[in-house]
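The structure under discussion appears below in the form of C-alpha cells.
In what follows, every chain begins at residue 1, and chains take the letters A, B, ... in the order their sequences are listed.
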Protein chains: 2
Amino acid sequence: MPDDRTPNLKLPTASDRTIGRLSLYRRMLNIVKAEGRPYVYSHQIAALCGVTPAQVRRDLMSIGYSGSPNRGYDTSELLWSIEDFLYDPKGQNVALVGVGNLGRAILAYFTGRRPRLSVVAAFDNDPAKHSRVILGCRCYPLDQIEPVVRAQEIRVGILTVPASAAQLVAERLVEAGVCGLLNFAPMALRLPLHVHVEDIDLAMSLEKVAFFSRRRSRPVAATDKVAGS
Amino acid sequence: MPDDRTPNLKLPTASDRTIGRLSLYRRMLNIVKAEGRPYVYSHQIAALCGVTPAQVRRDLMSIGYSGSPNRGYDTSELLWSIEDFLYDPKGQNVALVGVGNLGRAILAYFTGRRPRLSVVAAFDNDPAKHSRVILGCRCYPLDQIEPVVRAQEIRVGILTVPASAAQLVAERLVEAGVCGLLNFAPMALRLPLHVHVEDIDLAMSLEKVAFFSRRRSRPVAATDKVAGS
DNA sequence: GGATGTGAATAGGTTCACAGCG
DNA sequence: CGCTGTGAACCTATTCACATCC
C-alpha cells in the first residue's frame with residue numbers, strides 16, 4: 001500500500017551512483033566556468049567525466065534541472081543547481097578519528113578546501129597528539145568524542161583507525177549523533193539503519209587492479225582504441 | 001558471431017563486483033582460519049563481510065569452488081582457492097607516483113604487508129626525495145619511470161599526483177608497460193582500452209556521505225534495527 | 001540540424017526459492 | 001533437518017531511440 005500523502009513538492013530521488021556523478025559534474029563545471037564558457041552540452045560534461053551523454057542528461061533530470069535544446073546547459077545555473085541539491089546551506093561539520101599516516105593525509109586533503117564541508121575535529125588515542133592542532137584541526141582524545149561531536153553538531157565521520165577499533169569507534173560516533181561515515185577500516189561495520197556508511201577499502205581496490213591487470217591482453221597495435229565515451 | 005574456439009577448461013568469469021568481494025572473503029577467511037575453525041558456512045562469511053549468504057555462494061560458484069552441503073566450506077581449501085584465483089603465483093610489482101601526503105600514507109599502508117603484491121618503486125618530481133628510500137621504497141625522478149618500470153616488470157601503478165599531472169603520468173606508465181592503475185587523482189583518465197583503471201575519489205566519497213547523512217531520518221527509538229544481513 | 005527530455009529496451013547484478021545431498 | 005548449488009525472478013542502472021524544441 002503506497003503512502004500517497006507525499007508532500008506536493010516533487011522531491012527529487014537520486015540513487016547512490018547518481019549522487020557520486022553529480023559531485024563529479026560539479027567539479028568539472030567549476031573548470032568549465034573558470035574557462036569562461038557560459039554554456040555546456042551534455043556530451044561535453046560526459047567527455048570530461050568519462051560517462052555517456054545520456055547518463056548525464058538522466059542524472060540532471062533527477063535533480064530537476066532543464067537545459068535549452070540548442071544552447072545546452074547554462075554553466076553557472078547548473079552549477080548552482082547541483083550545489084543546491086548536494087550541499088547543506090548551513091554547511092556540515094566533519095570529524096576524523098585516527099590520526100595516523102592515512103588520517104593525516106586525509107586531513108591535509110580536505111583541510112580548507114571546501115567551505116560547505118569542513119573537518120573541524122580530529123580524535124586519536126595517542127596522548128602525544130592531544131591538544132595539538134594538526135593541519136588546522138584540533139586533536140582530542142577518544143573519550144572526548146561525545147561532547148565534541150555534540151557541541152559542534154557533527155553528523156559526518158571519517159574513520160581511519162585500525163580494523164580492530166573501527167566498530168567500537170563507529171558506535172561511539174553514532175551514539176553522539178553522527179549519521180554518515182566514510183570508513184577506511186577494512187571491516188564491515190554493523191550499525192543502525194539510519195547511518196549511511198561509505199566504505200573505501202584500499203587493499204581491496206589494489207587487489208582488484210592487480211587482478212584485472214593480469215587479465216588484460218597486452219597492447220596489440222601501436223594505435224590502440226581509447227577508453228571513455 | 002561467437003568464437004567457439006574457446007579452450008575447453010571452463011575459465012571462470014567473475015565480474016568486477018565479485019572480484020572485490022572475493023578479496024574481502026579472503027581477508028575474513030584468514031581471520032576464521034586464525035581462530036582455528038576448519039569449516040565455515042556461507043552465512044558466516046556473509047555476516048563477516050556484510051553481504052547475503054546467497055551472494056557468497058554465487059561468488060564462490062564463479063571461481064568454481066564447491067563446499068559440502070552439511071559442513072560448509074573447508075576454510076583452508078577455500079582460502080587457497082581464492083588466493084589461487086586472485087593472485088599471480090609469481091607476485092606482481094607495483095609502482096607509486098606522487099610521494100605527497102597521500103602517497104606516503106598509501107606507501108605506509110601497503111609496505112611489507114602483502115608478499116604477492118609489493119610496491120617496489122616510487123616516483124616524484126621533487127629532487128629532495130630522489131635516491132632516498134621512503135618507507136622501504138626507493139624514490140626516483142619522474143623521468144626514470146620508463147626504465148624502472150620496464151626493469152622491474154611493473155604492471156600496476158598507483159597514482160597519487162595532482163589532477164593536473166594525472167593524465168600525463170598515466171600515459172607514461174602505460175607506455176612503459178603498466179596495464180592496471182589505482183587512480184586517486186580526481187580526474188577521468190583517457191587511456192587505451194587494455195588498461196584497467198580503478199578510481200578512488202576521496203572528495204566524491206565524502207560528499208556522498210555528507211549528502212546521505214542529511215537524508216537519513218534521525219534515530220527514532222532507542223532500539224534501532226541493525227544494518228547488514 | 002543538433003540539442004534536450006524521456007519512455008522503452010537492455011544489461012547487469014542480486015535475491016528468491018527450491019532441488020539435491022549428506 | 002540445514003546446508004549447498006543454481007535456474008528463474010526481480011530489481012536497479014544504463015543505454016537506446018525518438019518526439020520535441022530552438
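Under 4.0 angstrom from either OP1 or OP2 of D/dG2 there lies no side-chain N or O belonging to B/Tyr39.
Ring geometry for B/Tyr65 against B/Tyr73 counts as tilted: the plane angle lies between 30° and 60°, on a 0 to 90° scale.
The closest side-chain donor-acceptor pair between B/Tyr109 and B/Arg104, if any, does not fall under 3.5 angstrom.
The residues B/Lys33 and B/Asp74 are annotated as not salt-bridged, no charged nitrogen and carboxylate oxygen being separated by less than 4.0 angstrom. In this structure, B/Asp16 pairs ionically with A/Lys208, as a charged nitrogen and a carboxylate oxygen lie closer than 4.0 Å.
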Exercise. Base, backbone or nothing for each nucleotide of nucleotides 12-21 of chain D, written B, S, -, heavy atoms under 4.0 angstrom, 5' to 3'?
Worked result: -SSB-B---B
Problem set entry | Steps toward side-chain hydrogen bond (donor to acceptor under 3.5 Å, both in side chains) verdict (A/Arg26, A/Tyr87) | CA-CA 11 Å; A/Arg26 188 197 58 83; A/Tyr87 296 153; 2.8 Å; yes
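Nearest heavy-atom pair, A/Asp88 versus A/Gln92, reported as atom, atom and distance to 0.1 Å: CB-CG, 3.7 Å. When all heavy atoms are compared, the tightest approach of A/Ser23 to B/Glu207 is OG-OE1, 2.8 Å.
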Please set out all donor-acceptor pairs under 3.5 angstrom arising from side-chain atoms of residues 163-180 of chain B, sequence neighbours excluded.
unit_1   : atom_1 : unit_2   : atom_2 : d
B/Gln167 : OE1    : B/Arg190 : N      : 3.0
B/Gln167 : NE2    : B/Glu171 : OE2    : 2.6
B/Gln167 : NE2    : B/Arg190 : O      : 2.8
B/Arg172 : NH1    : B/Leu142 : O      : 3.2

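Taking the 5' to 3' direction, DNA chain C first and last meets chain B under 4.0 angstrom from a heavy atom at C/dG13 to C/dG22.
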